[in-house]
There are 2 protein chains.
Amino acid sequence: MPGLPDAVVPVALAADLVVLTLVDGSLHVLAVRRAEAPFIGRWALPGGFVREGESAQRAAERELAEETGLGSRVHLEQLASYSDPARDPRGRVVSVAHLALVPADDAPPEAMRAGGDAAEVAWLPVTDDGSTAEPLAFDHARILRDGVERARAKLEYSALAAAFCEEEFTVGELRRVYDAVWGVRLDARNFHRKVTGARGFLDPVGTTTTRDGGRPAALFRRGPASTLNPPITRPPEPD
Amino acid sequence: MPGLPDAVVPVALAADLVVLTLVDGSLHVLAVRRAEAPFIGRWALPGGFVREGESAQRAAERELAEETGLGSRVHLEQLASYSDPARDPRGRVVSVAHLALVPADDAPPEAMRAGGDAAEVAWLPVTDDGSTAEPLAFDHARILRDGVERARAKLEYSALAAAFCEEEFTVGELRRVYDAVWGVRLDARNFHRKVTGARGFLDPVGTTTTRDGGRPAALFRRGPASTLNPPITRPPEPD
DNA sequence: CCAAAAGTGTTGCGATTACACCCATGG
DNA sequence: CCATGGGTGTAATCGCAACACTTTTGG
């Protein structure tokens with residue numbers, strides 16, 4: 001490494017993705033089946049190595065586009081980095097994990113580009129404790145848990161929930177995001193009042209839809225506010 | 001990089017530190033004056049390269065001990081990673097930034113080990129917008145801002161504030177942490193009720209102290225709870 | 001005695017909950 | 001006409017900010 005001290009050890013930098021969505025009203029994570037050693041045949045989080053001249057953020061955006069075909073309409077943020085020297089048997093690989101949220105039932109796995117080295121792509125259901133039924137490769141179970149926890153926490157005080165919805169959505173659809181991610185059932189009436197009352201959170205479109213059945217519901221877009229005040233509070237766990 | 005694809009670009013991994021403390025009741029950050037190019041003579045966040053067989057977390061712990069002499073008694077958590085290819089003119093250096101909080105008026109800079117390459121070490125005052133009077137090297141201003149923001153946010157719902165206090169502290173001392181970090185003046189009476197009422201947050205020691213003047217105050221230690229429910233709410237900004 | 005900081009009691013208000021009730025559609 | 005989801009009204013309650021007041025020290 002020219003210009004740097006001799007003792008500096010080179011590492012490979014990877015950008016991995018925790019891509020969450022809702023399938024049939026429950027939380028799912030995007031996974032690829034590994035076609036190569038190590039962990040061949042195991043499910044893993046999508047990701048890849050950061051290229052020359054690329055930041056981890058840009059690499060994550062690129063991987064996300066490659067894997068899902070979705071360009072924008074996705075929320076993407078850095079989650080954390082994982083640098084345990086033993087986390088990858090091939091050598092010193094440091095992963096910058098990112099959290100992505102994509103709209104419900106968008107980008108079904110069949111429609112995904114099977115490009116690159118991904119042999120098989122699927123939405124795996126996420127359990128209440130933030131894990132999958134089948135074990136994940138590397139330390140990806142840990143990364144997934146951190147991602148799910150982050151998503152759950154941020155729903156409370158941020159406008160993140162709308163990232164799971166289409167561009168235009170109803171209050172009911174938004175509420176079902178909270179129900180699914182938190183595993184609760186919020187009161188539809190109070191939820192309605194709360195989110196429509198929070199300034200800057202929802203932009204009324206003016207039109208209505210009956211796609212959810214029942215009485216026509218007003219359509220909204222995400223408003224300019226990124227934080228939600230007062231927050232939507234998660235119901236306390238029963239003691 | 002043996003065992004890895006040819007296209008993988010090697011990067012140097014650094015662990016940088018945002019070390020915050022209170023000096024005379026106001027927020028300060030630990031900085032070192034750079035003795036080498038690039039940015040020679042500028043203040044920078046303390047940090048260094050991750051060594052062989054070391055995780056970024058361990059490297060941060062090592063740097064923190066080297067720089068402050070403080071072993072435990074410090075809160076340390078990962079903040080975020082910075083991987084812009086142009087962030088270091090020497091080459092591809094990715095920084096995993098960490099946030100550390102040390103007790104008020106502990107480890108004054110004079111007492112710090114001037115070991116390693118640090119020519120000069122100081123606590124720099126942090127302004128309300130999370131920056132320093134003098135510019136910092138690299139992208140460290142950005143990292144500092146992110147660290148201060150994280151600290152401010154986590155005070156609300158976590159037991160983080162106690163990290164700024166000695167092992168045993170009074171409710172008043174804890175309140176002054178909030179006052180300093182948030183730049184507000186909380187009501188001493190309501191604050192007292194709130195923190196002593198939160199289960200698991202404070203462990204009463206049983207003894208008292210008059211070191212803050214006035215009536216003797218009960219001493220507490222950090223309780224087992226890491227999250228604070230209900231949270232301490234930051235007073236709303238005046239519109 | 002006075003100043004200063006620690007604690008306790010009380011009161012009023014605003015947010016939240018729990019639910020009754022009405023609305024507008026599709027089948 | 002009924003099931004379904006959308007939306008509004010309202011009363012009981014909870015949490016909390018505001019502040020009066022008492023306690024216990026040092027000087």
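Below, read A as the first sequence line, B as the second, and so on, with proteins coming before strands; counting in each chain starts at 1.
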Just how far, in rounded Å, is [atom2] of [N] from [atom1] of [X]?
X	N	atom1	atom2	result
A:R211	C:dA24	CZ	C1'	17 Å
B:D187	C:dG7	CG	P	14 Å
A:F191	D:dT8	CZ	P	14 Å
A:D212	C:dA24	CG	C1'	14 Å

[X]: which residues meet the salt bridge (Lys or Arg N to Asp or Glu O under 4.0 Å) condition with it, sequence neighbours left out?
X	result
B:R221	B:E167, B:E168
B:E173	B:R211
B:D84	none
B:K194	none

What residues, two or more places apart in sequence or in another chain, satisfy side-chain hydrogen bond (donor to acceptor under 3.5 Å, both in side chains) together with [X]?
X	result
B:N229	none
B:D203	none
A:T127	A:D129, A:S131
B:R185	none

Is the phosphate of D:dG7 approached by A:H192 (side-chain N or O, under 4.0 Å from OP1 or OP2)?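 It does, given that an N or O in the side chain of A:H192 lies less than 4.0 Å from OP1 or OP2 of D:dG7.
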Annotated protein contacts, base or backbone, on nucleotides 9-17 of chain C with a non-hydrogen cut-off under 4.0 Å, one of B, S, - each: BB-----SB
Across the strands shown, which category fits A:A188 at heavy-atom distances under 4.0 angstrom: base, sugar-phosphate, nothing? nothing
For DNA chain C, which residues in residues 169-179 of chain B have a heavy atom at a distance below 4.0 Å? B:G172, B:R175
Return yes when atom CZ of B:R58 has more than 12 non-hydrogen atoms of other residues, nucleotides or ligands closer than 6.0 Å, and no otherwise. no
Which atom pairs link the protein and nucleotides 23-27 of chain D when you take only N or O atoms and keep those under 3.5 Å?
{"from": "D:dT23", "atom 1": "O2", "to": "B:R215", "atom 2": "NH1", "distance (Å)": "3.0"}
{"from": "D:dT24", "atom 1": "O2", "to": "B:R215", "atom 2": "N", "distance (Å)": "3.3"}

Distance-only side-chain donor-acceptor flag, B:Y82 / B:D16, under 3.5 Å: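 No, no side-chain donor-acceptor pair sits under 3.5 Å.
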List for me each residue that meets side-chain contact (heavy atoms from CB on, under 4.5 Å) alongside B:S158, sequence neighbours excluded, and say none if there are none.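 side-chain contact (heavy atoms from CB on, under 4.5 Å) list for B:S158, sorted by chain: B:K154, B:L160.
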